[in-house]
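Worksheet: one structure, shown below.
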Amino acid sequence: MRILSSKQQIENYIETAKIRKWENEEEIEQKVRRIISDVKDKKDEALLYYTRMFDCKGICLNELRVVQEEIERAYFECEKEDGDFIDALNAAYKNIYEYHMRQKEESWFYIKNGSLLGQIIMPLEKVGIYVPGGKGAYPSTVLMNSIPAKVAGVEKIIMVTPPDKNKSISKYTLAAAKICGIDEIYKVGGAQAVAALAFGTQIIPKVDKIVGPGNIYVATAKKLLFGYVDIDSVAGPSEVMVIADESANPKYIAADLLSQAEHDPMARCILVTTSLQVAQEVSENVDKMLARFENSVAFEAIEKNGVIIVVDDLFEAAEIANIIAPEHLEICCNDAEKVLFKIRNAGAVFVGEYSPEPIGDYIAGPNHVLPTSGTASFFSPLGVYDFVKRMSLIKYSKEQFLTDAPHAINIAQKEGFLFHANSLKVRLEDV
Ligand SMILES: NC(=O)c1ccc[n+]([C@@H]2O[C@H](COP(=O)([O-])OP(=O)(O)OC[C@H]3O[C@@H](n4cnc5c(N)ncnc54)[C@H](O)[C@@H]3O)[C@@H](O)[C@H]2O)c1
Ligand SMILES: N[C@H](CO)Cc1c[nH]c[nH+]1
Ligand SMILES: [Zn+2]
């Protein structure tokens, strides 16, 4: 991995990281705009065209919806192959559910002079969840996307995920979908799947909100479609930053950096350390592990977006983390809490050597759908709050109306809205 230690090198890196622009962003955006416009105009015809182009040449329109029998068969095969996998999914479900139950918001009301005022929490009716499938299976993401929706009380969850070359979806993903009780599943992925959920097609229903992670095409489509539909956040190619001092274990850090590198050649893996020795040993360990696992995706990610920054102290490290706002931040230091309290921008923070990033990906409970590309400075992890909306309630008493209406009339007149004033006056005149 590249090691940056001079002030100039570090400044230059941070300057480019601050711009938060991908290498070929314009080209990708143009391509995604085209896909969106085609799906908007030609609906299923375009959906099928792009599914055949990117995922599965021979698939037909009537094969895009997953039928119940496929789900049952997948679950059965998973159970037969390894019953422990079903147990693992159920254990993860329990932890994720327990965590998200704590996010549940209640409606609230109060009475003032006989008037009832309040805020009603309403679950969204129909949501689309994106489950990645391009480079592998993501059963864990089925859980992370759907459990908060279930806790919120969403009526209908529609899942999209790309098929493989044999028209199939991973049995592991389908088994997770059965456990989560997903209502409808479609074998479509990428920008075309996001556009289909945003506009609706003949086979795919239009939804109120699209959530979930995906590669750069998925993340760009969500960004461009916000407004036609709500989205959770921009959860694109994975990122991990580790802040480490001389006490950290270089083998663990190397392993954790690589755990995110294997998601995508565009994944970002950054170590910020106060120790040159840790920097060098992490770099050596990364090379050794890459040679052992021979993973070309991780190799490309480390080559392109892997970097080690050597800083003078941990405050400088925290400042760099706040500028980059990584999706995942591990703090591996003697005085980790001290660093933690300096962190403002990160999707999820992992403290101490027994909190490696993958424990959060699968089992701890907090959501693994997290903001990327610096958007953790304003977006939050996916949560129950993403699946509800709020409605205000006003039920005025006559007494309160008589007190407040003259003020309202006054303000309405200043605004020049005489019919507003009139709506209040006609009632006052009747008293
Ligand atoms: N931030 C998070 O919370 C989070 C969580 C899990 C996974 N992830 C990320 O999800 C992503 C999964 O990516 P993936 O590729 O495996 O699956 P994916 O399902 O996101 O993407 C596959 C789809 O990309 C589209 N695509 C591929 N190449 C294309 C091209 N050249 N032009 C147009 N469209 C193209 C295809 O339609 C294909 O169906 C990774 O980037 C991973 O890091 C992020
Ligand atoms: N690390 C991913 C979020 O960036 C989530 C994930 C799912 N499976 C494995 N990892
Ligand atoms: Zn991961």
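Order of appearance sets the numbers: ligands from 1, and atoms from 1 within every ligand.
- For atom 16 (O) of ligand 1, the closest non-hydrogen atom of the protein is Lys135 N, 2.7 Å.
- Taking the charged nitrogens against the carboxylate oxygens, Lys135 and Glu262 have no contact shorter than 4.0 Å, which rules out a salt bridge.
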Worksheet item: Under the side chain to side chain donor-acceptor pair (under 3.5 Å) criterion, do Glu15 and Tyr13 qualify, and how do the steps go?
Response: CA-CA 5 Å; Glu15 273 313 302; Tyr13 178 79; over 6 Å; no
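- The pair Lys7-Asp312 meets the salt-bridge criterion, with a side-chain N (NZ, NE, NH1 or NH2) lying under 4.0 Å from an Asp/Glu carboxylate O.
- The nearest heavy-atom contact from the protein to atom 17 (O) of ligand 1 is Gly134 N, 2.9 Å.
- Atoms of ligand 1 found under 4.0 Å from any heavy atom of Leu370 (numbered from 1 in listed order, with element): 1 (N), 2 (C), 3 (O).
- Here Pro162 has side-chain heavy atoms under 4.0 Å from ligand 1, and that is the only part of it that gets that close.
- Heavy-atom separations between Tyr50 and ligand 1 are all 4.0 Å or longer.
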Practice prompt. Check the pair Asp245 / Ser247 against side chain to side chain donor-acceptor pair (under 3.5 Å), numbers first and verdict last.
Written response: CA-CA 5 Å; Asp245 65 6; Ser247 71; 2.6 Å; yes
Practice prompt. Go through Gln277 and Glu281 one step at a time and tell me if the side chain to side chain donor-acceptor pair (under 3.5 Å) criterion holds.
Written response: CA-CA 6 Å; Gln277 189 178 342; Glu281 287 179 22; 2.9 Å; yes
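- Neither the backbone nor the side chain of Gln260 comes within 4.0 Å of ligand 1, counting heavy atoms alone.
- Near Gly189, meaning under 4.0 Å from one of its heavy atoms, ligand 1 places the atoms 37 (O), 39 (O).
- Between Lys209 and Asp386, at least one side-chain N (NZ, or NE/NH1/NH2) sits under 4.0 Å from a carboxylate O, which counts as a salt bridge.
- For the pair Asp55 and ligand 1, the shortest N or O to N or O distance falls below 3.5 Å.
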List, for ligand 2, each N/O atom that has a protein N/O partner under 3.5 Å away, with both atom names and the distance.
{"residue": "ligand 2", "atom": "1 (N)", "partner": "Gln260", "partner atom": "OE1", "Å": "2.7"}
{"residue": "ligand 2", "atom": "1 (N)", "partner": "His263", "partner atom": "NE2", "Å": "3.0"}
{"residue": "ligand 2", "atom": "1 (N)", "partner": "Glu357", "partner atom": "OE2", "Å": "3.4"}
{"residue": "ligand 2", "atom": "1 (N)", "partner": "Asp361", "partner atom": "OD1", "Å": "2.9"}
{"residue": "ligand 2", "atom": "1 (N)", "partner": "Asp361", "partner atom": "OD2", "Å": "2.9"}
{"residue": "ligand 2", "atom": "4 (O)", "partner": "Ser238", "partner atom": "OG", "Å": "2.8"}
{"residue": "ligand 2", "atom": "4 (O)", "partner": "Glu327", "partner atom": "OE1", "Å": "3.2"}
{"residue": "ligand 2", "atom": "4 (O)", "partner": "Glu327", "partner atom": "OE2", "Å": "2.6"}
{"residue": "ligand 2", "atom": "8 (N)", "partner": "Ser140", "partner atom": "OG", "Å": "3.4"}
{"residue": "ligand 2", "atom": "10 (N)", "partner": "His263", "partner atom": "NE2", "Å": "3.0"}
{"residue": "ligand 2", "atom": "10 (N)", "partner": "Asp361", "partner atom": "OD2", "Å": "2.8"}

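- Using a 4.0 Å cut-off to heavy atoms of Tyr130, the atoms of ligand 1 that qualify are 18 (P), 19 (O), 20 (O), 21 (O).
- Residue contact check: Asp264 has heavy atoms under 4.0 Å from atoms 40 (C), 41 (O) of ligand 1.
- Every atom of ligand 1 is numbered from 1 in the order shown, and the set under 4.0 Å from a heavy atom of Gln192 is 37 (O).
- Sorted by first and then second residue, the ring pair (Phe, Tyr, Trp, His ring centres under 6.0 Å) pairs involving residues 201-251 (not counting sequence neighbours) are Phe199-Tyr228.
- Checked for salt-bridge contact, Glu69 and Arg73 meet the test: a charged N lies under 4.0 Å from a carboxylate O.
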Discussion item. With salt bridge (Lys or Arg N to Asp or Glu O under 4.0 Å) as the criterion, how do Glu105 and Arg390 come out once you've worked through the C-alpha distance, each side chain's angles and the decisive distance to 0.1 Å?
Written reply: CA-CA 10 Å; Glu105 237 180 298; Arg390 293 155 192 85; 2.9 Å; yes
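- Considering backbone and side-chain N/O of Thr372, none are found under 3.5 Å from N/O of ligand 1.
- Comparing Glu327, Arg34, Lys187 by heavy-atom distance to atom 2 (C) of ligand 1, the nearest is Glu327.
- Looking from atom 22 (C) of ligand 1 to the surrounding protein, the closest heavy atom is Asn215 ND2, 3.5 Å.
- Among all non-hydrogen protein atoms, the one lying nearest atom 36 (C) of ligand 1 is Phe54 CB, 3.7 Å.
- Around the Zn ion (ligand 3), the protein atoms of type N, O or S found under 2.8 Å away are His263 NE2, Asp361 OD2, listed by chain and number.
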Practice prompt. Take Asp55 and Lys187 through the salt bridge (Lys or Arg N to Asp or Glu O under 4.0 Å) test and state the conclusion after the steps.
Written response: CA-CA 10 Å; Asp55 301 305; Lys187 297 177 186 180; over 6 Å; no
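- No N or O atom of Val218 sits closer than 3.5 Å to an N or O atom of ligand 1.
- Contact check on Glu125 versus Lys156 returns no salt bridge, with no Lys/Arg side-chain nitrogen under 4.0 Å from an Asp/Glu carboxylate oxygen.
- Close approach of ligand 1 to Val369 is summarised as follows: ligand atoms under 4.0 Å from at least one heavy atom of the residue are 3 (O).
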Practice prompt. Run the numbers on Glu27 and Lys31 for salt bridge (Lys or Arg N to Asp or Glu O under 4.0 Å), then give the verdict.
Written response: CA-CA 6 Å; Glu27 205 182 298; Lys31 195 170 192 180; over 6 Å; no
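- Side-chain atoms of Glu11 do not come within 3.5 Å of backbone N or O of Gln8 as any donor-acceptor pair.
- Closest to atom 29 (C) of ligand 1 among all protein heavy atoms lies Tyr217 CE1, 3.4 Å.
- Nearest protein heavy-atom contact of atom 8 (N) of ligand 1 is Ser238 OG, 3.7 Å.
- For the side chain to side chain contact (heavy atoms under 4.5 Å, CB included) with Lys178, the qualifying choice from Ile86, Ile185, Ile71 is Ile71, the only one to do so.
- Comparing Pro213, Ala235, Ala376 by heavy-atom distance to atom 5 (C) of ligand 1, the nearest is Pro213.
- Distances between N or O atoms of Gly236 and those of ligand 1 include at least one value under 3.5 Å.
- Between Leu64 and Ile59, some side-chain heavy-atom pair lies under the 4.5 Å cut-off.
- Applying the 4.0 Å criterion to heavy atoms of His263 picks out, from ligand 1, the atoms 40 (C), 42 (C), 43 (O).
- Two rings, from His263 and Tyr138, have their centers less than 6.0 Å apart.
- Lys389 and Asp208 are not joined by a salt bridge, as no carboxylate oxygen comes within less than 4.0 angstrom of a charged side-chain nitrogen.
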Item to complete: Before giving the answer on side chain to side chain donor-acceptor pair (under 3.5 Å), spell out for Gln68 and Glu72 the whole-Å C-alpha distance, their side-chain angles and the decisive distance to 0.1 Å.
Response: CA-CA 6 Å; Gln68 193 58 31; Glu72 300 300 335; 2.8 Å; yes
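- Some N or O of His368 is nearer than 3.5 Å to an N or O of ligand 1, by distance alone.
- When hydrogens are left out, the protein atom nearest atom 7 (C) of ligand 1 is Tyr138 CE2, 3.7 Å; that is the closest non-hydrogen contact.
- Under a 4.0 Å criterion applied to the non-hydrogen atoms of Lys31, ligand 1 contributes the atoms 30 (C), 31 (N), 32 (N), 33 (C).
- Between Ile10 and Ser5, the shortest heavy-atom distance links the atoms CD1-O, 3.9 Å.
- Looking at ligand 1, you'll find an N or O of Gly133 within less than 3.5 Å of one of its N or O atoms.
- Ranking the protein heavy atoms by distance from atom 12 (C) of ligand 1 puts Pro132 CB, 3.5 Å first.
- The pair Lys171-Glu81 counts as a salt bridge, with a side-chain nitrogen and a carboxylate oxygen less than 4.0 angstrom apart.
- Qualifying salt bridge (Lys or Arg N to Asp or Glu O under 4.0 Å) partners for Asp256, counting only residues two or more places apart in sequence or in other chains: none.
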